[in-house]
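We use all heavy atoms of the structure for the numbers below, so side chains are in, but hydrogens, waters and symmetry mates are not. Protein chains get the first letters and strands the later ones, always in sequence-line order, with residue 1 at the start of each.
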2 protein chains.
Amino acid sequence: MSTSKNINILTEELRNNSTATILFHQAIAAKLGINSTDHKCLDVIMKNQPLTAGQLATLTGLTTGAVTGVLDRLEKVGYIFREQDPEDKRRVNICMNQENAEKNIIPLFSSFAAEMNQLLSNYDDKELEFIIEFIRQCNRVLKKFTEKR
Amino acid sequence: MSTSKNINILTEELRNNSTATILFHQAIAAKLGINSTDHKCLDVIMKNQPLTAGQLATLTGLTTGAVTGVLDRLEKVGYIFREQDPEDKRRVNICMNQENAEKNIIPLFSSFAAEMNQLLSNYDDKELEFIIEFIRQCNRVLKKFTEKR
DNA sequence: ACATTTTATCTCACGAGATAAGATAAATAT
DNA sequence: ATATTTATCTTATCTCGTGAGATAAAATGT
């Protein structure tokens, strides 16, 4: 079906993609004035909001002690705030500080998002669906080898 | 050309891919019994072998002091060894310990590589070239926003 | 040939941040 | 009511990165 030459080229480009992705995330964190653990957590918070400190620990694999530190720092720079859960006073709900998030984070991503959007809009629906399926398969393989113990 | 629906789906999947990639690399490092900085360095060493300690510092952006620590740890677990450059005795050449590398690292990646290979071999050359071009464009955008200051 | 400067790596003190164990306080179970 | 479990925080300790400076070798100038 395919030549091994193209498989090798693509493998190499996917490897480059890994590196580029990791460096991109470090750069974003640096621009936000936070470390990359905090950035990762902020990302998890944005996606799973609202959530508790313990849930964040589970989702990130950090200890609860480390999460306390992460929240202290993110709260200090104003990206999130803590709120005691009225239902269960032991629990601490993590809330995004929307104002600050929109003022600092969104502009940072918006030009990147715009560029990605432009890139993607060069493709028609059939092509996009093809790429979506490819990326999904890659994600499945990555996850399989991340979870495997 | 395309619907924004598919663009949004793909954007989401690419985001998931970022997360999966970062977690995958952490998992690999954990399985190798090293931290992720050391893993990153090992990766750079594998790709650029042979190289000196100073070159590794430049390529990774670490200080020379940090590189000393990285090499101490990688040497201790037997993935690399130092060799004084006979031409210039100040220089320290970094060499992979092939035996150990092959025994520990390659098997770890080989099942992953096999799975990726199988995935990719489902595509024909035309499709592979299409994906290669897509990934290259993504890499360009990522790099652009990493470097931009 | 000798002194100076540059280059390459290592050492050390310090700080950030992660872990593990345990403290605290609230909810749940007996 | 008391004991147990659950959720978060605190503290001591460890790892690792930085920055400044030490050390030693090579390159350069006189």
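Within the structure, every side-chain polar atom (N or O) of A:T68 is placed at least 4.0 Å from both OP1 and OP2 of D:dT10. In terms of phosphate contacts, B:T52 brings no side-chain nitrogen or oxygen within less than 4.0 Å of OP1 or OP2 of C:dA8.
Straight-line distance from the CD atom of B:E87 to the C1' atom of D:dA27: 15 Å, rounded to whole Å. D:dT15 atom C1' lies 19 Å from atom NE2 of B:H39, rounded to whole Å. Computed from coordinates, the A:I94 CD1 to D:dC9 C1' distance equals 14 Å when rounded to whole Å. Between B:L71 atom CG and C:dA8 atom P there is a gap of 15 Å when expressed in whole angstrom units. As rounded to whole Å, 9 Å separates atom C1' of C:dC10 from atom CG of B:D72.
Applying the side chain to side chain donor-acceptor pair (under 3.5 Å) rule to pairs touching residues 66-75 of chain B yields B:D38-B:R73, B:D72-B:R82, B:E75-B:R82, sequence neighbours excluded. Evaluation of the salt bridge (charged side-chain N to carboxylate O under 4.0 Å, His left out) test over residues 17-27 of chain A, restricted to residues two or more places apart or in two chains, returns none. For the salt bridge (charged side-chain N to carboxylate O under 4.0 Å, His left out) condition, the pairs that include at least one residue of residues 98-118 of chain A, sequence neighbours left out, are A:E115-B:K144.
Of the N and O atoms on the side chains of A:N48 and A:Q55, not one donor lies less than 3.5 Å from an acceptor on the other residue. In this model, a donor atom of one side chain and an acceptor atom of the other lie less than 3.5 Å apart for B:E129 and A:N6.
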Seminar exercise, completed: Under a 4.0 Å heavy-atom criterion, the protein footprint on nucleotides 14-26 of chain C, written with B, S and -, is ---SSBS-----B
For this session: Report the C-alpha distance between A:N17 and B:N17 in whole Å, list the side-chain angles of each, state the deciding distance to 0.1 Å, and finish with yes or no for side chain to side chain contact (heavy atoms under 4.5 Å, CB included).
Result: CA-CA 10 Å; A:N17 186 255; B:N17 185 254; 3.7 Å; yes
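Within residues 75-83 of chain B, no residue has any heavy atom closer than 4.0 Å to DNA chain D.
Centroid-to-centroid, the aromatic rings of A:Y123 and A:F130 stay 6.0 Å apart or farther.
Checked against side-chain hydrogen bond (donor to acceptor under 3.5 Å, both in side chains), A:Q26 has no partners two or more places apart in sequence or in another chain.
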